[in-house]
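The structure appears right after this line, and notes come after that.
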Amino acid sequence: GLVIIMKLTILHTNNIILNSNNHYSLIDEIKERNKKTAEETLFLGATDINFSKSNYQNDEKNFLKKLKYDAIAIGEHQFDEGSQGLAKFLKQLDFPVLAANVQIEKDEILNTFEKNGKFLPYLLKESKFGKIGIFGLTPMSTVYDSCPSSDTIFTNPSDRTEFIVKMLKKKEANLIILLSQLGQDENQILAQKFPEIDVIIDRATYKTDKTINKWKKTLMVQTMADFPSIFELELEVDEQGKLLTAQEKYHEVFESVNYG
């Protein structure tokens, strides 16, 4: 039979935060261009932003409003100032943070963000070729590497992945993307156990020269920590959501600042 091929573009960033209008217009430019060639463009961040080191303390609000992410995962730095610091960060976002293995129901400072859709386990996005499921994972080691509140509960990423993947499949997700803060070793274990995950976008790393690896059926995408870029991952998918081809290119961003 005839295979219908769809193009999906995922724009993603590493620990680099974009800080000039050129960067925002570049994202808009790519999205505009892709309207002609791709069915869907997502802008995702598997990023660990340490705002306490940034120059944006006063101007964070406008600055964060400009970031038109569809969703981001969060790393341990977001918990450096406890629930208060994370709440301040979440208030300024116009997009959800995805953390499937972080339970905030009992955290009175954070749980309102779950109700208003800013702090979610996963996102189900409608697209021209069906639903795209996106979920995020945060390291359990955040408990002792950072300063989360004792009311914020970090659970086993593998157990949560099993639950989320089953649920996304039940909700008819055609494609499943994981935004991970776990690092390569843990991601490989997840890819091995859960072949239903199509793409894992990993946190930035210092030890890779190859940005795309295939692990069984899962595409693993990594970015270099000290290489300021907007990465553009182009996927070709058939109508069942099966990955056919993938290529990554990057748009170098020279004037950005690393908050890692």
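The basis for the numbers below is simple: all heavy atoms, side chains too, and nothing from hydrogens, waters or symmetry mates.
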Looking only at side chains, do Thr155 and Asn101 share a donor and an acceptor under 3.5 Å apart?
-> no
Report yes or no: do Tyr69 and Leu93 belong to one cluster of Ile/Leu/Val/Met/Phe/Trp/Tyr joined by side chain heavy-atom distances under 4.5 Å?
-> yes
Contacts of type side-chain contact (heavy atoms from CB on, under 4.5 Å), residue Asp159, not counting sequence neighbours | Asn156
With a cutoff of under 4.5 Å between side-chain heavy atoms, which Ile, Leu, Val, Met, Phe, Trp and Tyr residues group with Leu178?
-> Tyr122, Leu124, Phe135, Leu137, Phe163, Ile164, Val165, Met167, Leu168, Ile176, Leu182, Leu190, Phe194, Ile197, Ile200, Trp215, Met220
Who are the side-chain hydrogen bond (donor to acceptor under 3.5 Å, both in side chains) partners of Thr245, not counting sequence neighbours?
-> Glu236
The side-chain hydrogen bond (donor to acceptor under 3.5 Å, both in side chains) partners of Thr218 (sequence neighbours excluded) come to none
Consider only side-chain N and O atoms of Glu248 and His12, and report whether a donor and an acceptor are under 3.5 Å apart.
-> yes
Would Val97 end up clustered with Ile153 when hydrophobic side chains under 4.5 Å apart are linked, directly or stepwise?
-> no
Same apolar cluster (I L V M F W Y, side chains within < 4.5 Å links), Ile109/Leu90 | no
Evaluate the side chain to side chain contact (heavy atoms under 4.5 Å, CB included) criterion for residues Phe119 and Ile74: first the C-alpha distance (whole Å), next the side-chain angles of each, then the deciding distance (0.1 Å), finally the verdict.
-> CA-CA 10 Å; Phe119 194 102; Ile74 50 171; 3.9 Å; yes
All heavy atoms of Leu219 vs all of Ala246, minimum pair found to be CD2-CB, 3.5 Å
In this structure, are over 12 heavy atoms from other groups packed under 6.0 Å from Lys169 atom NZ?
-> yes
Contacts of Glu234 meeting salt bridge (Lys or Arg N to Asp or Glu O under 4.0 Å) (sequence neighbours excluded), chain-then-number -> Lys249
Grab the two heavy atoms, one from Gly136 and one from Ala73, that are nearest each other, plus how far apart they are.
-> CA-CB, 4.4 Å
Sequence-distant partners of Lys166, salt bridge (Lys or Arg N to Asp or Glu O under 4.0 Å), two or more places apart = Glu162
Rounding to 0.5 Å, atoms CD1 (Ile201) and OG (Ser180) come to a distance of 10.5 Å
Work out which heavy atom in Gly117 is nearest to a heavy atom in Pro96; give both atom names and the distance.
-> O-CB, 3.5 Å
Across all chains, not counting sequence neighbours, the side-chain hydrogen bond (donor to acceptor under 3.5 Å, both in side chains) partners of Ser127 are none
Under the side-chain hydrogen bond (donor to acceptor under 3.5 Å, both in side chains) test, residues paired with Asn34 that sit two or more places apart | Thr9, Thr41
Going from CD1 on Ile177 to CD1 on Ile132, what distance comes out if it is rounded to the nearest 0.5 angstrom?
-> 5.5 Å
Non-neighbouring partners of Glu232 that pass salt bridge (Lys or Arg N to Asp or Glu O under 4.0 Å), sequence neighbours left out | Arg33
What pair of heavy atoms forms the shortest contact from Ser149 to Ser83, and how long is it?
-> CB-OG, 3.2 Å
Kindly work out whether a path of hydrophobic side-chain contacts (I/L/V/M/F/W/Y, heavy atoms less than 4.5 Å apart) joins Phe95 to Phe43.
-> yes
Salt bridge (Lys or Arg N to Asp or Glu O under 4.0 Å): which pairs involve residues 119-135, sequence neighbours left out?
-> Asp70-Lys125
Phe154: ring-ring contact (aromatic ring centres under 6.0 Å, His included) partners, not counting sequence neighbours | Phe79
Non-hydrogen side-chain atoms of Phe231 and Ile10 separated by less than 4.5 Å = no
Not counting sequence neighbours, list each pair that qualifies as a salt bridge (Lys or Arg N to Asp or Glu O under 4.0 Å) and has a residue in residues 104-114.
-> none
Please report the shortest heavy-atom distance between Ala71 and Leu179, naming the atom on each side.
-> O-CD1, 4.0 Å
At their closest point, which heavy atom of Lys193 faces which heavy atom of Pro195, and how far apart are they?
-> O-CD, 3.3 Å
Residues, nucleotides or ligands: over 12 heavy atoms within 6.0 Å of Lys7 NZ = no
